[in-house]
Amino acid sequence: VQLQASGGGLVQAGGSLRLSCVASGRTFSNYVMGWFRQAPGKEREFVAVISVSSSMTYHADSVKGRFTISRDNAKNTVYLQMNSLKPEDTAVYYCAAAQRYGSRRDEYLYWGQGTLVTVSS
């Protein structure tokens, strides 16, 4: 699976962005999809995951209530709607595909190239 993330940019604190990740190469609807992020000098961390049918989602505590993961299998796309952004949300955001529902990095087989989100105070 090839993954292409987009939608990052510079936004003021309190603002919103929607990230998109388009998949190609294999059957998108067969894969659990997740978002991770990596801030400068920090390890990559889990943000959110969605099951193949969208019946289950899970968000990290740090983004719960502000971010929402969703997917459109007809468009081979997973989204991350980010509201009420904070400076600490500044990071490169990565989409990833897995065959099992989970939040561990090592469960994800395919990764996108990342898109930078910068939140100014």
Side-chain angles (χ1 to χ4, degrees):
V1 176
Q2 289 79 50
L3 302 173
Q4 180 73 38
S6 62
L10 174 64
V11 63
Q12 287 188 330
S16 298
L17 282 175
R18 187 174 82 154
L19 305 183
S20 300
C21 174
V22 180
S24 60
R26 290 181 182 262
T27 304
F28 175 74
S29 58
N30 287 347
Y31 291 91
V32 169
M33 295 300 298
W35 285 97
F36 290 75
R37 67 185 182 185
Q38 188 166 16
K42 295 188 176 181
E43 292 193 355
R44 194 171 300 187
E45 65 174 6
F46 167 78
V47 174
V49 60
I50 187 166
S51 63
V52 296
S53 64
S54 302
S55 60
M56 295 190 296
T57 63
Y58 178 71
H59 299 77
D61 287 345
S62 58
V63 306
K64 200 168 292 183
R66 300 187 298 120
F67 291 11
T68 303
I69 189 171
S70 62
R71 68 190 292 164
D72 185 338
N73 286 345
K75 294 183 178 180
N76 291 351
T77 303
V78 61
Y79 304 97
L80 185 67
Q81 178 66 46
M82 306 186 295
N83 299 327
S84 302
L85 282 160
K86 304 175 180 180
E88 52 263 44
D89 295 319
T90 294
V92 177
Y93 284 72
Y94 298 89
C95 58
Q99 292 182 325
R100 298 177 61 180
Y101 187 81
S103 60
R104 288 178 14 213
R105 281 183 298 172
D106 61 3
E107 295 175 308
Y108 287 78
L109 305 174
Y110 305 100
W111 292 82
Q113 87 290 357
T115 185
L116 176 62
V117 172
T118 303
V119 184
S120 63
S121 57

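All heavy atoms count here, side chains included; hydrogens, waters and symmetry mates do not.
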*Asks:* If every non-hydrogen atom of Phe67 is compared with every non-hydrogen atom of Val47, which pair is closest and at what distance?
*Replies:*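 Of all heavy-atom pairs spanning Phe67 and Val47, the closest is CD2-CG1, 3.9 Å.
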
*Asks:* Please confirm whether the backbone N or O of Gln99 pairs with a side-chain atom of Glu107, one donor and one acceptor, at under 3.5 Å?
*Replies:*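 Looks like no, no N/O pair under 3.5 Å.
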
*Asks:* At their closest point, which heavy atom of Arg37 faces which heavy atom of Tyr93, and how far apart are they?
*Replies:* NH1-OH, 3.0 Å

*Asks:* As an exercise, state the distance from OH of Tyr79 to CG of Asp72, rounded to the nearest 0.5 Å.
*Replies:*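 Those atoms lie 5.0 Å apart.
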
*Asks:* Check Leu80, Val49, Val63, Ile50 against Trp35 for a side chain to side chain contact (heavy atoms under 4.5 Å, CB included) and give me the one that passes.
*Replies:*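 Exactly one pass, corresponding to Leu80.
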
*Asks:* Can you check whether Ser51's main-chain N or O pairs, donor with acceptor, with Arg71's side chain at less than 3.5 Å?
*Replies:*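 Yes, the answer is positive, given that a donor and an acceptor are paired below the 3.5 Å cut-off.
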
*Asks:* Kindly compute the distance separating CG (Leu17) from CG (Leu10), expressed to the nearest 0.5 Å.
*Replies:* 9.0 Å

*Asks:* Apply side-chain contact (heavy atoms from CB on, under 4.5 Å) to residues Val52 and Ser29 and explain how you reach the verdict.
*Replies:* CA-CA 6 Å; Val52 296; Ser29 58; 5.8 Å; no

*Asks:* Which pair of heavy atoms, one from Gly112 and one from Tyr94, lies closest together, and at what distance?
*Replies:*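 Here Gly112 and Tyr94 meet closest at O-CD2, 3.5 Å.
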
*Asks:* Find the distance between CE (Met82) and CZ (Arg18) and round it off to the nearest 0.5 Å.
*Replies:*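 Going from CE on Met82 over to CZ on Arg18, the span is 11.5 Å.
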
*Asks:* So, taking the atom named CZ in Phe28 and the one named SG in Cys21, what distance separates them when rounded to the nearest 0.5 Å?
*Replies:*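 So the gap between those two atoms works out to 7.0 Å.
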
*Asks:* Could you grab the distance from atom CZ of Phe36 to atom CZ of Arg104, nearest 0.5 Å is fine?
*Replies:*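 Between atom CZ of Phe36 and atom CZ of Arg104 there are 10.0 Å.
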
*Asks:* How far apart are the C-alpha atoms of Met33 and Tyr108, what are their side-chain angles, what is the distance that settles it, and do they pass the side-chain contact (heavy atoms from CB on, under 4.5 Å) test?
*Replies:* CA-CA 9 Å; Met33 295 300 298; Tyr108 287 78; over 6 Å; no

*Asks:* Donor-acceptor pair, distance only, cut-off 3.5 Å: does the side chain of His59 make one with the backbone of Ile69?
*Replies:*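 Checking the backbone N and O of Ile69 against the side chain of His59, a donor-acceptor pair under 3.5 Å is found.
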
*Asks:* CD/Gln2 to CG/Asn76 distance, rounded to the nearest 0.5 angstrom?
*Replies:*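 If we round to the nearest 0.5 Å, Gln2:CD and Asn76:CG are 11.5 Å apart.
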
*Asks:* Looking only at atom types and distance, does a side-chain atom of Thr118 sit under 3.5 Å from a main-chain N or O of Thr90, one as donor and one as acceptor?
*Replies:* no

*Asks:* Mind listing the closest non-hydrogen atom pair of Lys75 and Thr77 along with its distance?
*Replies:* O-OG1, 2.7 Å

*Asks:* Is Val1 reachable from Val22 through a run of I, L, V, M, F, W or Y residues, each pair having side-chain heavy atoms under 4.5 Å apart?
*Replies:*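 Each belongs to a different hydrophobic cluster.
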
*Asks:* Using 4.0 Å as the upper bound for N to carboxylate O, is an ion pair formed by Lys86 and Asp89?
*Replies:* no

*Asks:* Could you state whether Leu3 and Leu109 fall into the same hydrophobic cluster, counting links through intermediate Ile, Leu, Val, Met, Phe, Trp or Tyr residues with side-chain heavy atoms under 4.5 angstrom apart?
*Replies:* yes

*Asks:* Side-chain heavy atoms under 4.5 angstrom apart, residues restricted to Ile, Leu, Val, Met, Phe, Trp, Tyr: same cluster for Val92 and Phe46?
*Replies:* yes

*Asks:* Locate the shortest heavy-atom distance separating Cys95 from Val78; write the atom from each residue and the value.
*Replies:*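 That closest heavy-atom pairing would be CB-CG1, 4.5 Å.
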
*Asks:* Which atom pair, heavy atoms only, marks the closest approach of Trp111 to Arg105?
*Replies:*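 Scanning both residues, the minimum pair turns out to be CZ2-O, 3.8 Å.
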
